[in-house]
Amino acid sequence: MEDFEQVFRDNVSRIYRLSYQYLGNPDAAEDATQETFLRALRSEKDFRHSSEISTWLFRIAVNVCLDGIRQNKRRRMESLHSLPEPTVRYSAQEDLEKLDLQRRVRIAVNALPSQLRMLVVLREFEDLSYQEILSITGLSIGTISSRLNRARLQIARVFQNEFRRDL
């Protein structure tokens, strides 16, 4: 493996962001990030070089996050990393509407079962390809696709229900 210190520097922010998006707590995300790199260091001899180091680290991070949820019996997270801020400000009203939409998206994603939530985080927030998600989760492309579709439908239902309540 490359110099582990360089691997750490190159990947620590992405692993932290993934952990935070999944766990929703900065302290838990920091712990998960540390645990990810400890596990990687302990098992670096098991790295087969058949995938990118970052993909291998993501797989470890996913397992660390899932372990943390199982241990704490957490089924929901408090928040996801905010969507990027716009570079051009239009109006205070538009900013409030954007913040409200981000909040509603976080609530809808938080309501997903943990397996679906992880796939949404990897695909939509981390912008990973289906092949990269396959490498991380071990799920088939068909399973990834169908679960993402199911997650998107559940998120859409949350928004439909909100829209009906607003009428």
Side-chain angles (χ1 to χ4, degrees), residues 1-26 28-71 74-85 101-102 104-159:
M1 183 186 295
E2 300 174 21
D3 175 33
F4 195 80
E5 189 174 322
Q6 185 64 43
V7 170
F8 178 82
R9 278 193 304 268
D10 291 346
N11 293 283
V12 67
S13 63
R14 288 186 74 197
I15 298 300
Y16 175 83
R17 187 173 64 232
L18 170 74
S19 300
Y20 180 74
Q21 288 172 333
Y22 197 67
L23 299 171
N25 176 302
E30 190 173 314
D31 290 346
T33 300
Q34 290 176 2
E35 180 63 24
T36 296
F37 284 99
L38 283 173
R39 287 186 188 183
L41 190 58
R42 285 186 206 125
S43 62
E44 77 178 286
K45 65 183 177 307
D46 297 332
F47 179 61
R48 295 187 184 102
H49 300 281
S50 60
S51 64
E52 294 290 323
I53 290 175
S54 60
T55 302
W56 180 64
L57 290 170
F58 264 61
R59 179 180 299 180
I60 294 170
V62 166
N63 289 334
V64 167
C65 289
L66 291 173
D67 289 348
I69 287 175
R70 285 184 202 114
Q71 289 170 0
R74 291 175 85 172
R75 297 306 264 172
R76 299 180 144 241
M77 60 182 183
E78 294 297 319
S79 66
L80 285 171
H81 188 265
S82 296
L83 298 173
E85 285 288 323
L101 177 61
Q102 289 173 356
R104 292 184 315 167
V105 168
R106 282 193 300 272
I107 289 169
V109 172
N110 290 344
L112 293 172
S114 63
Q115 286 186 343
L116 297 181
R117 186 170 59 237
M118 179 56 74
L119 292 175
V120 169
V121 167
L122 292 172
R123 178 72 182 138
E124 304 301 336
F125 292 89
E126 291 299 321
D127 199 29
L128 297 181
S129 70
Y130 281 49
Q131 189 63 43
E132 289 170 313
I133 295 171
L134 177 150
S135 296
I136 291 166
T137 63
L139 299 172
S140 71
I141 297 287
T143 300
I144 293 166
S145 180
S146 67
R147 287 183 183 176
L148 280 169
N149 187 49
R150 189 174 342 137
R152 290 176 182 131
L153 289 172
Q154 287 182 23
I155 291 169
R157 275 190 227 110
V158 168
F159 279 92

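Keep in mind that what you see is a predicted model, and the values were worked out from it rather than measured. Hydrogens, waters and symmetry mates are skipped; everything else that's a heavy atom, side chains included, is used. The first residue in the sequence is number 1, and the count goes up from there.
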What closest approach, in Å, do [X] and [Y] show between heavy atoms, and which atom pair accounts for it?
X: Leu23; Y: Ala28; answer: CD1-O, 3.6 Å
X: Tyr130; Y: Ile144; answer: O-CD1, 3.8 Å
X: Thr36; Y: Val64; answer: OG1-CG2, 3.8 Å

Would you check if [X] and [Y] make a side-chain contact, meaning some heavy-atom pair closer than 4.5 Å?
X: Leu116; Y: Gln154; answer: yes
X: Asp67; Y: Arg39; answer: yes
X: Leu134; Y: Leu139; answer: no
X: Phe58; Y: Leu122; answer: yes
X: Glu132; Y: Glu126; answer: no
X: Phe37; Y: Ile60; answer: no

Asn110 (side chain) donor-acceptor with Arg106 (main chain) under 3.5 angstrom = yes
Main-chain N/O of Ile15 paired to Tyr20 side chain as donor or acceptor, under 3.5 Å = no
Nearest 0.5 Å, what's the CG-CZ distance between Leu119 and Arg117?
-> 11.0 Å
Tell me, please, which residues at least two apart from Tyr16 pass ring-ring contact (aromatic ring centres under 6.0 Å, His included).
-> none
